Each structure stands twice: as C-alpha cells, then as structure tokens.
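Each ligand, and each atom within it, is numbered from 1 in the order the structure gives. Predicted model only: the values in this text are computed from it and were never measured.
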Amino acid sequence: MRTVIARIALAGLTAATIAACGPPPSPAAALPYQDPSLPVADRVADLLGRMSLDDKIGQMTQAERAAIMPTDLTRYRVGSVLSGGGSAPASNTASGWADMYDDFQRGAMAAPLQIPMIYGIDAVHGDNNVYGATIFPHNIGLGATRDPDLVRRIGRATAEEVTGAGQDWTFAPCLCVARNDRWGRTYESFGEVPELPTAMTTVIDGLQGDTLGGPASVLATAKHYVGDGGTTGGIDQGDTRLSEAELRAIHLPPFAEAVRRGVGSVMISFSSWNGDKLHGNRYLITDLLKGELGFSGFTVSDWAGIDQIDGQRGFTQAEVATAINAGLDMIMVPNDWPAFLDRLRAAVQSGQIPMTRIDDANRRILTKKFQLGLFEHPYADRSYATTIGSAAHRDLARQAVRESQVLLKNAGDVLPLAPSGGKIFVAGKSADNVGNQSGGWTLSWQGASGDTVPGSTILDGIRDAVAGRATVTYQRDGTGIDGSYRAAIAVVGETPYAEGDGDRPGGLGLDSADLATLQRLHASGVPLVVVLVSGRPLDIAAQWGDWDALVASWLPGSEGAGVADVLFGAYAPTGKLPMTWMRSAGQQPINDGDGKDALFRYGFGLTYPGGDPDPDPSPSPSQTPDPSGSCRVAWSTNDWDSGFTAAVAVTNTGSVALNPWTLRWTFTAGQQVTQAWSASVTQSSTAVTATGESWNASLAPGATASFGFNATHTGSNPRPTAFVLNGSACVVS
Ligand code: GLC
C-alpha cells in the first residue's frame, strides 16, 4: 500500500499551466488507464494505445540509481531504477531510502503519461542494503530448516521492511539448485536437489502477499533462470552442460513452482546451457518459460547480462535485438542506458525487433505495475518504516537461526552445554563478528567482516546464555586455553563473499588461522565444540575426528544468538543438511543419489538427547555410478476423468549397482500422487521422487524395478518428459 499523492488527470495540466491559467478547472475525468475500477487488461490496452515508441522502450529500460537522475525519467521515460549490491543513498536510513525513491518517482510521474517507475533491489536475506534491517539467514540455512512456512513468514517480514524503505521489487528468491559447492553462490541456494528450492518458493507468497498490491506487497523475482547452479566446475556465470532432460529434471522444477505461485518477474541467468548464453536463448525463455510453463509476468536481464551474449565487452544493437527477441522484457543495463535506448530504438526501426515483441514486453511490465497498485499509490508507504529491524522481525530471524543449525557430531553428548558452572572458552574469527555471520549481500555487495550491522554475535548469545552462572573467556586465536575450562567453543569458517568472488576452484578447507586455533584448543584436551560459519560445506575430513561436537551454522545473519540457543539446549537442533557434505574437495560435484561416498549425506542431522538413532555419519561407500550410466523408463497409465494409475518400470542400463535407486521426474499439469506401491514415492509441489523400498533398494546392472502409484489430475495428464535415475538421464519408452 502506498501513500496517495493528489494527482492531476491527464489533461496536459502542469503546475506552469495552472499558474498561467488561474485555478484549475474541475479535474478532467480520469482516462481509462487511470481508472482503477476497470480490469487491468483494459487499462493496459488503453495506456499502450497512448504510448509512443520512446514511451515503450523506456519501460523496458532499468538503470542503476547512481547513473540516472529523476529528471532523466521524465525526459527519457525510463521505467525502472535499481540499487546494485550496496548502492545506497547518502543517508542509509529508512527515510533516506524513501526520499530517494520518491524523488525518482516524482521524475517518472512528471512525464505526460505519468507511468510510475518500479524500483528493484536485492533484498535476498532481509532488506540487506538498508542499515538496521533485519538480516535473516541466507538461503542455504533456510533450506536446512525444512520449514517452508517459516520461509514464507520471512518473506512477509522482508516485504514489510522493503516497503518501509520505499522499494517495491526484490530480486529474490534465488531458486538455483547448487550442484557444485565450489560455486560462490552456493549459499544463495536452498538445496542441491530440486525438491528443496521448490518447497521454499513459499517465500514468494510472503513477499507478494495474498494478492499483488495488497498491504506491503513487493514484486518477487525467481532467479536465475535456468541452470545457474549446474555449471561445470561450479564456475559462476559458467556453462551448464546437461541434456534437456537433466536440465528439466534438476533445475526447472523450482521455476515451474514459482510460476504456479504467481511470481511477478523472472531474472535470466548469466550462465550458458551447452555453450549458449541464457540471455539469448529463445527456446528456454519464450517457448519453455512463457509458453510451456505459462509465465505471464516479465523477464529481466541480469546486471549487464546482454553484454555477454557475443563474448565481447559492451552491448551492440545486435545483442539488444537478440535478447529482446529471445523474450527478455526489461534490460538491467544498468549504466549506459542512453546507449541502450538508442540501440533498442534503432533495432525496432530497422525491423530487427517487431513491434509485437515491444508491445508484449510492455504489456507484461505494465500489468505488474497496475497489479502492484503503483498507478494509484506511486509513493513510498512510510508507515512500514517502523518494522525495519523490529523486535518481532529479529525474533523471527532468531527462530530461523535456531532451526537452521545442523548438528553433525555430538560425541559423548557433549552438547547441549550446561548454562551454569565453571568456565567456557570461546575462540575463532567468527565468534564475535556479525559481518562474518551475515556473509555477502549485507550492506555491500560482497559483505564485510566486522561490526557491520546491528544485531547479536554468536559470542553475545553465549554470554547471554550463561550470564551470571558461568565465566566466558574469548580469545580469537585460542591462546590462554588450559585444562581449567569445561568446554571450548570455536567459531570458524569463511569470510564474506558474493558471486564469482566466492568461487573456490582449489581447496575447500579451513584457512590456516582457523586450523591453528583449532589445533591449539584440541591440544588442551578440553572438550571442543566447533561451529562452522560458512556459505557451503567445507572440507574438514582431516580435522573433524579431533572435535567432540560439530555444528554447521551456515550464514545466520544478524541474530547470531540463535546459535547459542542450540549450543545451550534452549532449542534442540532440528536442521538437516541441504547439501551433501564431501569427504574431500576432489569429490565435487557430489550430490544426493550420485552414489559417491560422502562424509555426511544429504538430509543428515542429529538432535538431542543422544543424537538420532540413525544415520551412520560415514555411510558405507556405495558404488560410484558408471559415468556412462543411464537408464530406461517404461511409463504407462490408466486414466479416468480426475485421476490415474501409473505403472513404471525402471531399468539400470549402467554398469554398477545403484543402492538405493532414486528416480526423479516433474509433473507439469498439477498431478498429485495419492498412494504408491513397490517404491516410496514422495512429491514436493511439482517434483516427484521414487526410491526403492528396503527389499528392492538395490538395482543391479541390467535389472528392472517396477512400481506403481495412484494420482489425481486436474483435467490433463501429460507424461513427464524427463526422468533422472541417480543423476543419470533416462531414455523413456
Ligand atoms: C548481480 C546478480 C543478481 C542481482 C543483480 C542486481 O550480478 O547476479 O543476482 O540481482 O546483479 O544486483
């Protein structure tokens, strides 16, 4: 909801006109597109009919705030402004942001058609560019919670803080399926299998609200379409080399679910698919996303993403034409927007881009602006400013921190620590460092170590947990530890990074300072609890045997006290690994079901007391799948008007036994499994997983497993187009 500013109907009335002609006549009746009682489609059609080519290409242009003035929006009709990571107004306060937003909006509203601009920002773990905002755990930790409703509530809280700062569009959630932990954006992924990001698309409901344009409704963005988490070597903006079947089975389901949930925008990935840049891929953007999945919002490029299409610096008219014709609707230029306007105009006037494509892009963009209510309420709604960093939001963040902690080791039930008695020694570079615990995309693009944002560090939480009942000593490098302490807590791991700056093509281990600290603590003989603050699993196989307890804390954000809640038993850990934990960096990529011998499997996590009865933290090494391994699926159904029975036979045509075998596919027409036999069949939104039962879990080379299930459908029951067996694409017969 935004504050309504008295507006003058489009009769060419301006302040100058009024001054020259005395008191304004009674305001002219609003034009159809200005009439909120009309259907949005009618308003769009009316407005489109009034727009010049310059009006239309302006709506398809997004500029970085530091590269454009409000008066430029008036003159050039630019329809969107963004803040790149860390691009903040001089006064980084709620009012400073809202003032800046309103300045740009006044510029847009001063143009003849008064089309409001829309302001995009990376609010990816709270409204993280705004000083004082609540910083929630990054997505990898939220995936560990396995709590989609918590994630929805985080989306709602984030939307309130974004609204309070005057913005109306966030470039979130990242729905990437991170398949190689070397990738610098692994922490932006909810998990390594499609089911987890798919389940966490609830954040879109939180961000956008029940309907776009409702209270504190913020446009969400599913990104980065598609396959960004599957690049070879985990190289950011690299090449994802997969068959279409594998791309659809592994990376598409979260986007299908986001579309089903009504996500308003989709950001296109920098990466390539089999050598072709996504920013120029008409089949994936127009045919698949907009056609097959029915995405009716608008697509936006990534930051200067079209520059990469031809592999040369800068962008050409040809690249502009390629991107727009591929189905990109808005271009995040972001700096040389005058050149973009010229090249887009020239591409249309030369016939390289048909006017129908321009009109389609404008229809999509304007529809979202109307639905958001920007035409009626174009200015910042400052009533939500009080929610920024509020106690309620920080409490929610602290709950998310608690639920995201994954207990990986607890020898002798050393955890939970007693809150009273004796002395506790705390060490490690990330024990008292809110910047490290927040990670990238915090105040700045890359984030930074240090006391960067308001909140509680993990050490703050430890001190509070034992206040008045035990003594806490903190020494970053562990010097001073001796046998008089009843426990030592070491908080170590990674320092902040974002995107390619976080790629780790070499080792994935702890740095030398952390290793020295841990060795010093271990040598003391004091029970050692290690807390890893990192954006991904780390290579710790050589060290973890010396530790008594191990907690994966991920990047918990501003409310580090939530970690202490778990360490001292105020909350028993419930987190489960969202990523397979390697035995060595050389195993990357290592993922659920690929048969590699992990240190901790996907989904592993202990709790109190005494830990899970289950999983062996070092499961017996199963066979590494034959790289040429693949499979064959026979699929048949018996359909009736609202449901069907399916019979499936999956044959292992590889050369090694698979145990357990896991077959994955995607339903694209709302099919819902109701019961299954001869396999355990689970479904998370559109993503379906079938796993062998205990008595038929192993699938030898050449063997066939048959299973079946009943399911409902909503009128059509298209066969899934792609099946993946333990990471290998299947031939469907
Ligand atoms: C970045 C990221 C993208 C972000 C955009 C705007 O390069 O790839 O996730 O939304 O630029 O900051």
Side-chain angles (χ1 to χ4, degrees), residues 61-68 80-88 97 118-130 138-140 158 162 167-178 183-190 197 203-204 207 218-231 234-238 240 251 254-255 258 263-272 277-279 297-309 315 323 328-337 439-447 496-503 535:
T61 306
Q62 182 180 62
E64 156 62 33
R65 56 165 286 281
I68 194 166
S80 182
V81 180
L82 86 143
S83 279
S87 179
W97 280 91
I118 186 169
Y119 196 102
I121 193 163
D122 293 280
V124 296
H125 63 141
D127 197 9
N128 39 258
N129 285 293
V130 176
H138 270 294
N139 289 350
I140 192 169
T158 300
V162 166
Q167 305 120 15
D168 41 35
W169 176 18
T170 178
F171 305 129
C174 183
L175 295 178
C176 39
V177 182
W183 187 35
R185 308 195 75 161
T186 295
Y187 67 79
E188 296 186 64
S189 173
F190 289 106
V203 68
I204 294 167
L207 288 168
V218 168
L219 196 72
T221 308
K223 75 181 186 182
H224 309 81
Y225 183 83
V226 64
D228 55 342
T231 58
I235 296 169
D236 187 43
Q237 306 186 13
T240 297
H251 297 284
F255 289 92
V263 71
S265 68
V266 170
M267 184 180 290
I268 305 305
S269 176
F270 282 123
S271 56
S272 301
K277 277 288 177 185
L278 258 295
H279 274 72
F298 66 88
T299 59
V300 61
S301 76
D302 204 333
W303 182 279
I306 66 172
D307 301 22
Q308 299 185 16
I309 292 174
F315 59 89
L328 270 161
D329 300 311
M330 185 185 287
I331 301 300
M332 185 189 296
V333 183
N335 295 311
D336 195 359
W337 52 269
W441 297 103
T442 307
L443 277 198
S444 66
W445 177 42
Q446 293 291 317
Y497 54 81
E499 301 193 44
D501 289 44
D503 284 1

**Fill in**
closest protein heavy atom to atom 11 (O) of ligand 1 is D302 OD1, 3.0 Å
**Asked** At their closest point, which heavy atom of L175 faces which heavy atom of A222, and how far apart are they?
**Response** CD1-CB, 3.8 Å
**Request:** Find all atoms of ligand 1 within a distance of less than 4.0 Å from any non-hydrogen atom belonging to F171, and give their numbers and elements.
**Result:** 10 (O)
**Item:** ligand 1 contact by E188, heavy-atom criterion under 4.0 angstrom
**Value:** no
**Message:** Tell me the closest heavy-atom pair linking G447 and P496, and the distance in Å.
**Reply:** C-CB, 3.8 Å
**Message:** Ring-plane angle category for H138 and H125, please: parallel below 30°, perpendicular beyond 60°, tilted otherwise.
**Reply:** parallel
**Asked** Which residue owns the protein heavy atom closest to atom 10 (O) of ligand 1, what's the atom, and how far is it?
**Response** D122 OD1, 2.5 Å
**Request:** Measure R185 to ligand 1 on non-hydrogen atoms and call it side chain, backbone, both or neither using the 4.0 Å cut-off.
**Result:** side chain
**Request:** Using the side-chain contact (heavy atoms from CB on, under 4.5 Å) rule, pick out the option among P173, C174, S265 that qualifies with T221.
**Result:** S265
**Prompt:** Just which atoms of ligand 1 are under 4.0 Å from any heavy atom in H224?
**Reply:** 3 (C), 8 (O), 9 (O)
**Request:** Just jot down the ligand 1 atoms closer than 4.0 angstrom to any heavy atom of K223, in number order.
**Result:** 3 (C), 4 (C), 9 (O), 10 (O)
**Asked** Is a side-chain donor or acceptor of D302 paired with a backbone partner of S269 at a separation under 3.5 angstrom?
**Response** no
**Message:** Using a 4.0 Å cut-off to any heavy atom of W303, which atoms of ligand 1 qualify?
**Reply:** 7 (O), 11 (O)
**Request:** Determine the minimum heavy-atom distance between Q62 and V300, stating which atoms define it.
**Result:** OE1-CG2, 4.1 Å
**Request:** Answer with side chain, backbone, both or neither: which part of F270 has a heavy atom less than 4.0 angstrom from an atom of ligand 1?
**Result:** side chain
**Prompt:** Is T442 reaching over with its side chain to a backbone N or O of N128, donor-acceptor style, under 3.5 angstrom?
**Reply:** no
**Prompt:** Any idea which protein heavy atom is nearest atom 1 (C) of ligand 1, and the distance to it?
**Reply:** E499 OE2, 3.1 Å
